[in-house]
Amino acid sequence: QVQLVASVGGLVQAGASLTLSCAGSGRTFSTYAMAWFRPAPGTGREFVATISRIGTSTSYADSVKGRFTISRNNAKATVYLQMNNLKPEDTAVYYCAGGMIQLSTNTGAYDYWGQGTQVTVSS
């Protein structure tokens, strides 16, 4: 079992950058694909980005492609979400998640979830 703890988010101005991290416990972190989600109105959690077990493959939502970068350091059992050129519509609680299915955009593919961290982007 993996426990995920996300870093504190923040309040930034539009156009700024912010990096989130999510630390996993346990020795099995490297066996899980990792992802970030955020709430979407009426649809539960919206996929943001995902990364494969060893970090060689990634996938992004169209809304963040070219601005966000997901990465991981398995030696530190940590996944990161670097967010550049932030927009007010990126304001949300961001959740990290881990699961066995590689590169899935569906919440149901992820078994473990972090506690969520607030990101607020002011215009």
S.K.: Taking all heavy atoms of L81 and all of A49, pick out the closest pair and write down the distance.
M.R.: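 In this case the closest contact between L81 and A49 is CD1-CB, 4.2 Å.
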S.K.: Report whether L18 and V48 are members of the same hydrophobic cluster (ILVMFWY, side-chain heavy atoms less than 4.5 Å apart, transitive linking).
M.R.: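 Yes, L18 and V48 fall within the same hydrophobic cluster.
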S.K.: Check the pair V64, R38 against side-chain contact (heavy atoms from CB on, under 4.5 Å), reporting the backbone distance first and the verdict last.
M.R.: CA-CA 12 Å; V64 306; R38 63 189 183 188; 4.0 Å; yes
S.K.: Any chain of hydrophobic side-chain contacts (each under 4.5 Å) joining V12 to Y94?
M.R.: yes
S.K.: Look at the side chain of T105 and the backbone N and O of F47, then say whether any donor-acceptor pair between them is shorter than 3.5 Å.
M.R.: no
S.K.: How about E89: does its CD atom have over 12 heavy atoms from other parts shown lying under 6.0 Å from it?
M.R.: yes
S.K.: Do S123 side-chain atoms and P88 backbone N/O form a donor-acceptor pair below 3.5 Å?
M.R.: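 Between the backbone of P88 and the side chain of S123 there is no qualifying donor-acceptor contact (under 3.5 Å).
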S.K.: Just grab all the disulfide bond (SG atoms under 2.5 Å apart) pairs involving residues 74-123, residues at least two apart or on different chains.
M.R.: C22-C96
S.K.: Are F37 and L4 joined in one hydrophobic group, where the rule is that I, L, V, M, F, W and Y side chains link up if heavy atoms are under 4.5 Å apart?
M.R.: no
S.K.: Holding to side-chain contact (heavy atoms from CB on, under 4.5 Å), I want the full list of residues that pass it with T120, two or more places apart in sequence or in another chain.
M.R.: L11, T91, Q118
S.K.: Donor-acceptor pairs are to be reported for all side-chain atoms of residues 108-116 against protein atoms at under 3.5 Å, with residues two or more places apart or in another chain.
M.R.:
from	atom 1	to	atom 2	distance (Å)
Y110	OH	T50	OG1	3.0
Y110	OH	S104	O	2.6
W113	NE1	Y110	O	3.3
Q115	OE1	A6	N	2.9
Q115	NE2	A6	O	3.0

S.K.: Quick one: side-chain contact (heavy atoms from CB on, under 4.5 Å) partners of A40, sequence neighbours excluded?
M.R.: T43, E46
S.K.: Applying side chain to side chain donor-acceptor pair (under 3.5 Å) as the test, list every pair that has at least one member in residues 75-84; sequence neighbours left out.
M.R.: S17-N84, Q82-N84
S.K.: List, one per line, each side-chain donor-acceptor pair under 3.5 Å for residues 65-72, sequence neighbours excluded.
M.R.:
from	atom 1	to	atom 2	distance (Å)
K65	NZ	D62	OD1	3.2
R67	NH1	N85	O	3.0
R67	NH1	D90	OD2	2.7
R67	NH2	S63	O	2.9
R67	NH2	D90	OD1	3.0
R67	NH2	D90	OD2	3.3
R72	NE	R53	O	3.2
R72	NE	N74	OD1	2.7
R72	NH1	Y32	O	2.8
R72	NH1	S52	O	2.8
R72	NH1	R53	O	3.4
R72	NH2	F29	O	3.0
R72	NH2	Y32	O	3.0
R72	NH2	N74	OD1	3.2

S.K.: Check whether M83 and Y60 end up in the same hydrophobic cluster, where Ile, Leu, Val, Met, Phe, Trp and Tyr are linked by side-chain heavy atoms less than 4.5 Å apart.
M.R.: yes
S.K.: Can you list, by chain and residue number, the hydrophobic cluster partners of L103 when the side-chain cut-off is 4.5 Å?
M.R.: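 Traced through the cluster, L103 reaches no other member.
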S.K.: Given the rule that I, L, V, M, F, W and Y join up when any side-chain heavy atoms are under 4.5 Å apart, are L20 and V79 in one cluster?
M.R.: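 Yes, one cluster joins them.
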S.K.: Could you note down all residue pairs passing disulfide bond (SG atoms under 2.5 Å apart) where residues 27-70 supplies at least one of them, sequence neighbours left out?
M.R.: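 Passing the test, one end in residues 27-70: no pairs.
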S.K.: Share the residues that join V8 in a hydrophobic cluster, the rule being Ile, Leu, Val, Met, Phe, Trp or Tyr side chains under 4.5 Å apart at the heavy-atom level.
M.R.: none
